[in-house]
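Just so you know, residue 1 is the first one in the sequence shown, and it goes up from there.
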Amino acid sequence: MQTRKKGDNGIVAFKKIGLGMEEVVMWSKVPINRDCLMSRNGLLFCIKKIDAVPKRKFYMKKLLFILLIIPVFLSAQNTDNIKQQIATIQSQPDIYYFGVAEGKQRKETDQKALQELMSKIYIVVSAELTSSTSESGSGEVNDNLEKVLNTYTYGRLPDVQQLSYKTGPIFHVLRFIKKEDYKKIFENKKIEVCGFLREAKENLEMNQLGKTFRNYYRAAVAIEALQEASIMFENKVYTPEIIFDEIRCIAGDIKVELVSNIYEYETRYIVLDFSFNNKPINDLNIEYYDLHDFISQKTNSNLVQLELYGKEYKDMEKLSLKIDLKEDMYNSYNEQTKILSRLFDCEELEEYREIPLKKKKVIKIKPKKRIIPELNIEFVNNANCQVLDKFADNLFILFSMLDNECLDNESIFTDDKIINRIEQVIDCNHTKLLKYPQEVSINKTVFGWEARQFGVSVSCVGFPTRNETVVIDFDESGNIYNFGYTINPALHELFEAQGTAAGDWDYRQIAIKFLENYKTSYTTKNIDDVETLYSDDAIIITGKVVKRTKLDKEISTDFSDEEIIYFKKTKKEHIASQREVFKKNRFVWLQFDTFNISVAPVDSVYGVSMQQNYYSSTYKDEGYLFLLIDFRGDQPLIHVRNWQPGEWDLAKQMKLENFRFY
């Protein structure tokens, strides 16, 4: 008897069942005659009916012969198609750049084809540039151009396609790219350079000098990869030389002051104050010499505390410093920047300082201004908090536990959530209060009060020690209910001024605290905390791929259907993926650079965008992060998280304007 079965893709299959055997006929997109077998390339083969078992061997041999000959025929047909495509491309030199090579080793042959492709591009572009430059400079222009083009060889040139086939032992390879696509590469590079310059200027306004140096350096290196080796930005021409001079000029104006220098318990404690234009520096990378090697140290505040352990530092008379003017402490430049910096004779950018180590005691805040004698902290209580004394007692207990890395007094906390967070802080980030005198602001919040900007040191295995600032929240009883690593202090001051002027500081304050909570949840690798940040039907965007689930009916996007299909993760998928990331990494750290908060037309909904740097023990990247946050419920929730790595084109970055609100 004969049966029919419909497959998942609508394809019909036939089965013929004989005496003691079963024959499965191949899948076909059209109904098949019961005595025929149709192959995928449309060839029709006749098969006799199988009436008895003795004919089985003859049939199987015949079927085996058919199945063996089909791939040979398909391969020959495919080779002919590839040859025809290659001939078509070679006949259109006005549309394509291409390179052809033959050889016995596939990889080497492919590289030869790429080199021939780039040599043809070099001849054309070199002629264009030479015609627009003086003869005296043409040699240098052509030399640089050859280096530029070489950076895009060996598979690094985007949009290069390949066609290949094999005849006997010989591989035949064609590498090609449309001329219009090649021009787009340099146009995209110009957009990227302008993005670096724009970020550098914004960083400089905030005295974030580490990020300023980083973005200026990347801009200079990327300009080297432009055919013109210069770019116009905000009515000014930039070349690598001009940018390097700007970096040196900024570095030369950095002032370093010795705040304190003491040696006790076989440990030397040094505190330095960094300033620029008479204002505190909010971000900087340095390296200090510990008599053996240069040690990396990062600070997100103007004060840096160094600790040198051992008797050899008892008679230390000076401290040698290097200021990192490339800001590549975490080795997080992309591959192309690294290649370009090696390829070109980039400037040696280093700023050395020698700090005489005069004996200088740690300045103590006057006893009348210190609530807790053991803490060198002055509280600025502009919020008229009535439980500050009780909070200060709890604060002393908290920092003692962090210093000893032992959580042995849970009575100072409000609930299990904050207890779990502090446990994660101890396990993941080894956070300790710095010894220099600190001024901490007490501010009123929706749920109580906050104590903002404690200077702390943070260290993780495999990650350089850095100085950070933290904010600690407490309730009307003085008990602690939250602990978070802060955004940059200068950014906080800016947003507070903007919120006060706009009359919506309450919501902006919540938005900032939410982001600090977001940062701390990830850096403490607390997956339970991360899960509470997202609504159940959020749009989770990773890279350039997003999947739409369901938004509040009052919110929709202006993306086309194709773009929405292109987006890729649900909350459940994101949390599962993030859980594995936390398990595999010894540390995870987020750092926010430029920052913007936008008000949506729907009450209590905000769009927050920023440049984010992500570091972990197995992966690092940077890019543009956008969060659509809803504050209408009991707890703020993320409806949309969009992460676009390496995206510098403002036109392609997701913003609040991409959403329609009803």
For the backbone of [Y] and the side chain of [X], can you confirm whether one donor and one acceptor N or O come within less than 3.5 Å of each other?
X: Thr469; Y: Gly455; value: no
X: Asn585; Y: Thr618; value: yes
X: Lys519; Y: Ile487; value: no
X: Ser275; Y: Asn278; value: no
X: Asn277; Y: Lys279; value: no
X: Asn482; Y: Phe474; value: no
X: Gln305; Y: Lys435; value: yes
X: Thr532; Y: Asp529; value: yes
X: Asp504; Y: Tyr507; value: no
X: Asp283; Y: Lys211; value: yes

query = Just checking, Lys255 and Phe274: is the charged tip under 6.0 Å from the six-membered ring centre and within 45° of the axis?
reply = no
query = Is the NZ or CZ atom of Lys432 both under 6.0 Å from the centre of the six-membered ring of Phe399 and within 45° of that ring's axis?
reply = no
task = Quick one: sort the Phe582 and Tyr522 rings into parallel, tilted or perpendicular, breaks at 30° and 60°.
result = perpendicular
task = Classify the angle between the aromatic ring planes of Phe447 and Tyr481 as parallel (below 30°), tilted (30 to 60°) or perpendicular (above 60°).
result = perpendicular
With a 4.0 Å cut-off on N to O distance, would you call [X] and [Y] a salt bridge?
X: Arg214; Y: Asp324; result: no
X: Glu516; Y: Arg452; result: yes
X: Glu450; Y: Lys513; result: yes
X: Lys583; Y: Glu580; result: yes
X: Glu246; Y: Arg248; result: no

Contact between [X] and [Y] at the side-chain level, heavy atoms closer than 4.5 Å - yes or no?
X: Phe196; Y: Arg198; value: no
X: Ser609; Y: Tyr624; value: yes
X: Phe483; Y: Gln424; value: no

request  = Could you point out which residue of Thr431, Asn300, Asn429 forms a side-chain contact (heavy atoms from CB on, under 4.5 Å) with Glu468?
outcome  =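 When Thr431, Asn300, Asn429 are each tested with Glu468, the side-chain contact (heavy atoms from CB on, under 4.5 Å) holds only for Asn300.
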query = Do you see a donor-acceptor pair shorter than 3.5 Å between the side chains of Tyr309 and Glu307?
reply =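 There is such a pair (donor and acceptor under 3.5 Å, judged by atom type) between the side chains of Tyr309 and Glu307.
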Shortest non-hydrogen contact between Tyr436 and Ser301, atoms and distance = OH-OG, 4.1 Å
